[in-house]
Peer 1: 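This is the structure I have questions about; it appears just below.
Note on naming: letters A, B, ... go to the chains in the order of the sequence lines (proteins, then strands), and numbering restarts at 1 for each one. The figures that follow rest on heavy atoms only: side chains count, while hydrogens, waters and symmetry mates do not.
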Amino acid sequence: MHEFFRPVIQNALRSAGITTDKPINIEQPADKKFGDFSTNIALLAAKECRRNPRELAQNIIPHLTFPPDTIAKVEVAGAGFINFYLAPLFIMQSVEQVLVEGNEYGKGKIGKGEKAVVEYVSANPTGPLTIGRGRGGVLGDCIANLFEAQGYEVTREYYFNDAGRQMQILGESVRLRYLEHCGKTIEFPATHYQGEYIGEIAKEMYQDHGTTLADSNELQVFKKRAEEIIFTSIRKTLDRLSIRHDSFFNEHTLYLPDEKGITPNQRVIDALRKNGFITEYDGATWFQTTSLGQEKDKVLVKSSGEPSYRLPDIAYHITKFERGFSIIVNVFGADHIDEYPDVIEALKILGYDTQRIKIAINQFVTTTVDGQTLKMSTRKGNADLLDDLIDDVGADATRLFFIMRGKDSHLNFDVELAKKQSKDNPVFYLQYAHARICSLLRMALQEIGFDPSSSADLHLLQLLDSPAELQLGFALLDYPTMLKTSLRMLEPQKMVEYLHSLAEHFHRFYQECPILKAEPDIAKARLLLSLATRQVLRNGFRILGVSAPESM
RNA sequence: GUGCCCGUAGCUCAAUGGAUAGAGCAUCAGCCUUCUAAGCUGAGGGUUACUGGUUCGAGUCCAGUCGGGCGCACCA
C-alpha cells in the first residue's frame, strides 16, 4: 500500500512546484480518526520551503490524483499531516484479491533471484538443546520463512564443530562415566559435562562393549558415539518444533587444504597479514584489533598451533560470500554478543561488503513455573531442556511464546499460561479464530450450500460497508505490508501482533454481523470475508510455524 | 572496570521521530432460547527510572546518572 501512495505524492509535489530532498513517509495512524494512512511530508518540507506546514499541505492536496474509487477523503490535520481515507469499495476489492491469490497472498518479489543464507541453532553436539537455544531456533526459522515469502532463495544453515576442545571434554566425560560402569572409581572433574545424558551414553556403550574399552586411552570412540547420539537427539528436538535446516556446515572443512595445499583458515591469515593486521607474540598468531581501537588483540592461532574459534568463523563467513549469498543472516543468543564484531572487522579489511550481513540477537529466556522464576544455567546438568518444555506445553505454544516478545526483550516464559486452554493463552486466541471460521463454513455448507471454492460471487463483497466489516477488510489488506515490515526488522513478533489484531477484528465482526441469518447476498459476502480472514490467518500461521486447527 | 541489551499501567509486553503512549492478564460493570461465550462491549488504572540536550515534534535520537540482564579466555 505504501507504494500506492508514494508516486502519487511525488507527482503532487512536483506539480505543486515543491522541491524537497526529504523522504516521503507513509504512516498508518494508530487512531483511525486520523485516517487509514497519512504522510508527514508537509511537516518535513516546511522548513526548507520556509512555509507554514498546514498551508503547504493545503497546497499539495489539489495536486493529488488517485485512481477512481480508491480514496474516499483527503484532509489536513494536526500540525500539517495529510490524512487519507480509503474508499470502502477499494477495501473490499482488495479482499477479493486475498481469495484470488490464496496461499500466495501477501508474498512479495523483492528477493527474486537473490540468495539468502540464514544461520541458526548451530549448537555443537555436546548436549541436548536448552530452552535458550529454542528461542533462537524458532526465531531463525521464522526469519527464514519471511525471506522465502519475499521470493528469496533461502538456505537454512547449521554451523557446527565436532572437533575442538569442547568435544574433547565431551569424549572424556563419557569415558569417565563408562569407567564407572566398569566398576572403577574415578574422579569426575567439575569442568566436565555433568548432565545425566552423559551417563546414559556411557551405559549404552557399556552394554554394547562390556569392559573391552576400559584399558584404552583412546577418546575417539567415546567422542564419536556421543556425537552421534547427541546430534540425533538435537535433530529430533528441532523436528518436533518443525525447525529444519538444508545445510549442515562442519567447521572441520575449513581445516582441509585445497588443490594448492592451502586451508581456508590459512588463506584468512595470509590475507590479513598482507593488510598488516597480523602480529605474532607469546607463541600465538593474533588479529591486531588494537589498531582498530580495541583494547586487546584477538588470538587467531593458539600457541598449540590450533586455530581459535575466531579464525574458522571468519573463513566460514567468507564461504558465505563465495557461495553467492547476497544476504547473510546470523541468529544467535546474547551470550555470543562479542563474537561478531571481530568477524565483521576482518571481513571489512578483506574487502567484503559487510552491509550484507544482518545479525539477529535474541535475549535470554527465563521460565516461570508456579509463579517462580527459574534462571537458565549453562553446562550444569540442571539446564532447562527444550524437550521437557515441548512435552509440557506442546509445539505450537512453544513456538509462539518464543516469538511473541521482541527479540531484544528478555523473555519470561510462563509455563502455566502456555498450558492453559483458555483465552488468557494467546495461542488459543489465535487458533480459536481459525477454528471458529472453519466451524462457520461447515455450517454454511450445510445450511445454505455455500461453496468456498467457487469464485463466482466475489463481487458480492462490495456490498459490505459496516465499520466492523471495513476494519476487518482493512486488516486483511494490511497483511503484505506487515510481512515486509517484519522482515525488515527481522522481527517475527510483528506478525504475532498483527495476527492477534486480525483475530480481534474477526471476533468483533462475528459478534456484530449475523452471517447465516442475513439475506442471501449479504450472507454470502460475509462468508467470503470470513473465508479471506481464514486464508490470511493460515498464511500467517505458516510463517510462524503454528498449526491451524479446523476445530477446537 | 568495560562492550551490548533492557527499564513504559499492579503483572507480562507493544508503540518505522509524529497527533489524546496502547494491548492482554488482573480488578469492576454489562452481553448467550441466536452461526463455537476458548468470544464481544464498557470502566478504572501512567511524571514512559532520573537529569539535561537536539527539533516544528522525543517513550523513541545524543550525553550523563541510577537500576537489572548477558558477555569481556591461547572455550565455542
Peer 1: Can you tell me how far P of rG39(B) sits from CD of Gln511(A), to the nearest Å?
Peer 2: 11 Å

Peer 1: In the structure shown, which nucleotide is the Watson-Crick or G-U wobble counterpart of rG42(B), with both distances under 3.5 Å?
Peer 2: rC28(B)

Peer 1: Whom does rU48(B) pair with, Watson-Crick or G-U wobble, provided both distances fall under 3.5 Å?
Peer 2: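 Across all strands, not a single nucleotide pairs with rU48(B).
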
Peer 1: OP1 or OP2 of rA73(B) sitting under 4.0 Å from any side-chain N/O of Lys302(A)?
Peer 2: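 Checking rA73(B) against Lys302(A), no side-chain N or O comes under 4.0 Å of OP1 or OP2.
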
Peer 1: Taking only the P atom of each, what is the distance from rA9(B) to rA21(B) in whole angstrom?
Peer 2: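 Their P atoms lie roughly 14 Å apart.
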
Peer 1: Output the single nucleotide from rG39(B), rG3(B), rC13(B) whose closest atom is nearest the side chain of Tyr429(A).
Peer 2: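 The answer is rG39(B), which lies nearest to the side chain.
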
Peer 1: Quick one: do Lys320(A) and Glu119(A) make a salt bridge, cutoff under 4.0 Å?
Peer 2: yes

Peer 1: What does Leu311(A) touch in the nucleic acid at a heavy-atom separation under 4.0 angstrom: a base, only the sugar-phosphate, or nothing?
Peer 2: nothing

Peer 1: In plain terms, say whether Arg508(A) and Glu469(A) are close enough for a salt bridge, that is, a side-chain N and a carboxylate O under 4.0 Å apart.
Peer 2: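 Salt bridge flag = no for Glu469(A) with Arg508(A).
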
Peer 1: Remember a base hit wins even if backbone is also touched, and classify Asp313(A) as base, sugar-phosphate or nothing at under 4.0 Å, heavy atoms.
Peer 2: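 Nothing, no heavy atom under 4.0 Å.
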
Peer 1: What is the separation between atom CG on Leu440(A) and atom P on rA37(B), rounded to the nearest whole Å?
Peer 2: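 It works out to 11 Å between those atoms.
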
Peer 1: In the structure shown, which nucleotide is the Watson-Crick or G-U wobble counterpart of rC66(B), with both distances under 3.5 Å?
Peer 2: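 The base-pairing partner of rC66(B), which may sit in any strand shown, is rG7(B).
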
Peer 1: Heavy atoms under 4.0 Å, any strand shown: does Glu504(A) hit a base, just sugar-phosphate, or nothing?
Peer 2: sugar-phosphate

Peer 1: Counting only distance, no hydrogens or angles, is the base of rA19(B) paired donor-acceptor with the side chain of Asn83(A) under 3.5 Å?
Peer 2: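 Result: at least one qualifying N/O pair found.
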
Peer 1: Regarding rG71(B), can its base be found pairing with the side chain of Asp335(A) as donor and acceptor, where the two atoms are less than 3.5 Å apart?
Peer 2: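 No, no donor-acceptor pair under 3.5 Å.
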
Peer 1: For Glu550(A) and Glu306(A), take the nucleotide of RNA chain B holding the closest heavy atom to each; which residue's nucleotide lies nearer the 5' end?
Peer 2: Glu550(A)

Peer 1: Salt bridge or not for Glu550(A) and Arg538(A), using N-O below 4.0 Å?
Peer 2: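 Result for this pair is yes, salt bridge flagged.
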
Peer 1: Taking CD1 from Ile359(A) and P from rC70(B), how many angstroms apart are they, rounded to a whole number?
Peer 2: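 One finds 22 Å between P of rC70(B) and CD1 of Ile359(A), rounded.
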
Peer 1: Going by modelled atom types, is there a donor-acceptor pair between the base of rA23(B) and the side chain of Ser501(A) at under 3.5 Å?
Peer 2: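 Checked by distance alone, the answer is no.
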
Peer 1: Is rC32(B) syn or is it anti, if syn means the base angle is within 90 degrees of 0?
Peer 2: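 Here the answer is syn: the torsion falls within 90° of 0.
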
Peer 1: Heavy atoms under 4.0 Å, any strand shown: does Gly333(A) hit a base, just sugar-phosphate, or nothing?
Peer 2: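 Nothing, no heavy atom under 4.0 Å.
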
Peer 1: Partner lookup for rG57(B), please. Criteria are Watson-Crick or G-U wobble with both distances under 3.5 angstrom; report none if nothing qualifies.
Peer 2: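 Its partner: none found.
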
Peer 1: Could you tell me how far apart Asn40(A) (CG) and rG57(B) (P) are, to the nearest whole angstrom?
Peer 2: 15 Å

Peer 1: Below 4.0 angstrom from OP1 or OP2 of rU12(B), is there any side-chain N or O of Arg405(A)?
Peer 2: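 Arg405(A) to rU12(B) OP1/OP2: no side-chain N or O under 4.0 Å.
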
Peer 1: According to a cutoff of under 5.5 Å between the ring centres and under 30° between the ring planes, does Phe364(A) stack with the base of rG69(B)?
Peer 2: no

Peer 1: Please examine the side chains of Ile60(A) and Val76(A), heavy atoms only from C-beta on, and report whether any two atoms are closer than 4.5 Å.
Peer 2: no

Peer 1: What nucleic acid atoms does Gln431(A) come within less than 4.0 Å of, heavy atoms only: base, sugar-phosphate, or nothing?
Peer 2: nothing

Peer 1: By the 4.0 Å heavy-atom rule, please label Ser409(A) as base, sugar-phosphate, or nothing.
Peer 2: sugar-phosphate

Peer 1: State whether a side-chain donor-acceptor pair under 3.5 Å links Gln288(A) with Thr290(A).
Peer 2: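 No.
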
Peer 1: From CD of Gln363(A) over to C1' of rC4(B), roughly how many Å is that when rounded to an integer?
Peer 2: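 Result: 8 Å.
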
